[in-house]
Amino acid sequence: MSEYTPTVTGTGARATIQRFGGYLAGMIMPNIGAFIAWGLITALFIPTGWLPNEELAVLVGPMVSTLLPVLIGYTGGRMVHGQRGAVVGAVATMGVVAGADSPMFLGAMIIGPLTAYLLKLFDGLVADRVKSGFEMLVDNFSAGIIGGAMALVGLKAIGPVVAGITSVASDAVAWLIGNNLLPLASIVIEPAKVLFLNNAINHGVMGPLGVAQAAETGKSILFMLESNPGPGLGLLLAFMFFGPRALRPSTPAAIIIHFFGGIHEIYFPYVLMKPRLILAVIAGGATGVLVFLMTGAGLVATPSPGSIFAFLAVTPKGGWFGTLAGVLAATVVSFVVAAALLGFGRGKDDSEEETTEEPQTAPTVKEA
């Protein structure tokens, strides 16, 4: 897979899902440093950050909308076809970036590897057929033409498709809210978050609905559905104690960035590596919402970023018990479910378990 994600062998359904999730995670994990840099700048310098600074906060938008998607597309292309694939993957990613109003992480995950694969096919077709002395000319022009063409495809096709997926997820959340099925909203919210649609759901759906509710009652639980840091904290704690040994050292920094910095994107790759762990964050999220409902909790505004400090900062006077209880309950449930799904650290990785079709062998970590 990559030096960051264990190799999964076998051909069963479980192995196929794990392999796909690991591939998605492989596009994110090498770029965690960039996510942390963006997270620190965001947590520090945005208007609701620790050290608000308009001059420095201008970095936040370009980093999340352009830099991070391009890095993901670059890495995805490199996984498919080396450096040439990385270059065309980055070029093509600019197409989805230019045509989107929200960060195109999902679009980058699609178009980066796809463009690299097309270039790989072309290189295979012309291998040993290019006359001596024309190799560089053919290589450069083929990369430029394919990369540029796929950038146009990203702008006109893939970008709108991803936007449509975001709209469907947002509509589903709005329907659940409108039918008083708030705990069940986590069934849509948590998987959508892992696909990096969290900002679209939080600011596109929860924000406007929450503002309207808060105007009438002085607070709204809708501000708490997507931004609760509890499910992610529980998942990362489970990874730290019971996850694959090669990944455990990466979790303390991720916990700090997620829980105290409010950058939830930091835990998404951990779910993508082991897709069944989505059940843990769904259970944690639903539990948190249920506790918020039972305690009458609510916030006066969207906590941004979604850190515990931001949560407490927009909690109305006297409402801290409900807020903290919901976050704690979500953390505990997410931790317990994730730990169970990870086998409580029995020393077995997914690739050692049997699939429905054939047994699998112990995982090895390969270099990219």
Between the CE atom in Met109 and the CG atom in Leu272, the distance rounded to the nearest 0.5 Å is 5.5 Å

Using the rule that Ile, Leu, Val, Met, Phe, Trp and Tyr join whenever any side-chain heavy atoms are under 4.5 Å apart, tell me whether Val327 and Phe321 fall into a single cluster. no

Looking at Pro252 and Met240, what are the two nearest heavy atoms and their distance? CG-SD, 3.9 Å

Please name the pair of heavy atoms, one in Ala286 and one in Ser186, separated by the smallest distance, quoted to 0.1 Å. N-OG, 3.1 Å

Calculate, to the nearest 0.5 Å, the distance between atoms CG and CZ belonging to Leu324 and Phe311 respectively. 10.0 Å

Any side-chain heavy-atom pair from Lys274 and Leu342 closer than 4.5 angstrom? yes

Can you hop from Val87 to Met79 via hydrophobic side chains spaced under 4.5 Å? no

Measure the OG-CG distance between Ser250 and Leu236 for me, rounded to the nearest 0.5 Å. 8.5 Å

Would you give me the side-chain donor-acceptor pairs under 3.5 Å for residues 294-301, sequence neighbours excluded?
from: Thr295; atom 1: OG1; to: Val291; atom 2: O; distance (Å): 2.8
from: Thr295; atom 1: OG1; to: Phe292; atom 2: O; distance (Å): 3.4

With a cut-off of 3.5 Å and sequence neighbours excluded, list every side-chain donor-acceptor pair involving residues 134-162.
from: Glu135; atom 1: OE1; to: Gly133; atom 2: N; distance (Å): 2.9
from: Asn140; atom 1: ND2; to: Met136; atom 2: O; distance (Å): 3.3
from: Ser142; atom 1: OG; to: Arg84; atom 2: NH2; distance (Å): 3.2
from: Ser142; atom 1: OG; to: Val138; atom 2: O; distance (Å): 2.8
from: Ser142; atom 1: OG; to: Asp139; atom 2: O; distance (Å): 2.9

With rounding to the nearest 0.5 Å, note down the distance linking NE2 in His81 to OG1 in Thr115. 12.0 Å

If you round to the nearest 0.5 Å, how far is CG of Asn228 from CD of Glu190? 8.0 Å

For Lys120 and Gly85, indicate whether the former's side chain and the latter's backbone hold a donor-acceptor pair under 3.5 Å. no

With a 4.5 Å cut-off on side-chain heavy atoms, are Pro30 and Arg78 touching? no

Residues Leu341 and Arg276: closest non-hydrogen pair is O-NH2, 2.7 Å

So if you build clusters from Ile, Leu, Val, Met, Phe, Trp, Tyr with side-chain heavy-atom gaps below 4.5 Å, do Val80 and Met27 land together? yes

For Val96 and Leu106: C-alpha separation, side-chain torsions, deciding distance, then whether side chain to side chain contact (heavy atoms under 4.5 Å, CB included) applies. CA-CA 10 Å; Val96 296; Leu106 181 57; over 6 Å; no

For residues 332-340, run the donor-acceptor check on the side chains, cut-off 3.5 Å, and write out each pair with its distance to 0.1 Å, sequence neighbours left out.
from: Ser334; atom 1: OG; to: Pro231; atom 2: O; distance (Å): 2.7
from: Ser334; atom 1: OG; to: Leu235; atom 2: N; distance (Å): 3.4

With sequence neighbours left out, the residues meeting ring-ring contact (aromatic ring centres under 6.0 Å, His included) with Phe105 are Phe35, Phe196

Audit row: Leu225, Leu182, side chain to side chain contact (heavy atoms under 4.5 Å, CB included) steps and yes/no: CA-CA 8 Å; Leu225 300 190; Leu182 284 183; 3.7 Å; yes

Worked verdict on Phe239 versus Leu277 for side chain to side chain contact (heavy atoms under 4.5 Å, CB included): CA-CA 10 Å; Phe239 250 94; Leu277 292 179; 3.3 Å; yes

Cluster question for you: counting only ILVMFWY and a side-chain heavy-atom cut-off of under 4.5 Å, with indirect links fine, are Phe223 and Leu290 together? no

Taking all heavy atoms of Tyr267 and all of Lys193, pick out the closest pair and write down the distance. OH-NZ, 3.3 Å

If you measure from CD1 on Ile282 to OG1 on Thr287, what distance do you get to the nearest 0.5 Å? 11.5 Å

List the steps, then state whether side chain to side chain contact (heavy atoms under 4.5 Å, CB included) holds for Asn31 with Leu68. CA-CA 8 Å; Asn31 300 308; Leu68 295 180; 5.8 Å; no

Please determine whether residues Val91 and Met104 belong to a single hydrophobic cluster, defined as Ile, Leu, Val, Met, Phe, Trp and Tyr linked transitively by side-chain heavy-atom distances below 4.5 Å. no

Smallest heavy-atom separation, Val281 atom then Ile278 atom, equals CG2-O, 3.2 Å

Determine all donor-acceptor pairs shorter than 3.5 Å in which one atom belongs to a side chain in residues 52-64; sequence neighbours excluded.
from: Asn53; atom 1: OD1; to: Glu55; atom 2: N; distance (Å): 3.0
from: Asn53; atom 1: OD1; to: Leu56; atom 2: N; distance (Å): 3.0

Within the distance-only criterion (no hydrogens, no angle test), does the side chain of His264 pair as donor or acceptor with the backbone N or O of Gly306 below 3.5 angstrom? yes

Do Leu71 and Thr93 come within less than 4.5 Å of each other through their side chains, counting heavy atoms only? no

Does Leu247 offer a backbone N or O that forms a donor-acceptor pair with the side chain of Thr251 under 3.5 Å? no

For Pro303 and Val314 the tightest heavy-atom approach is CB-CG2, 4.1 Å

So which residues get pulled into Tyr74's cluster when ILVMFWY side chains under 4.5 Å apart are joined, directly or through others? none

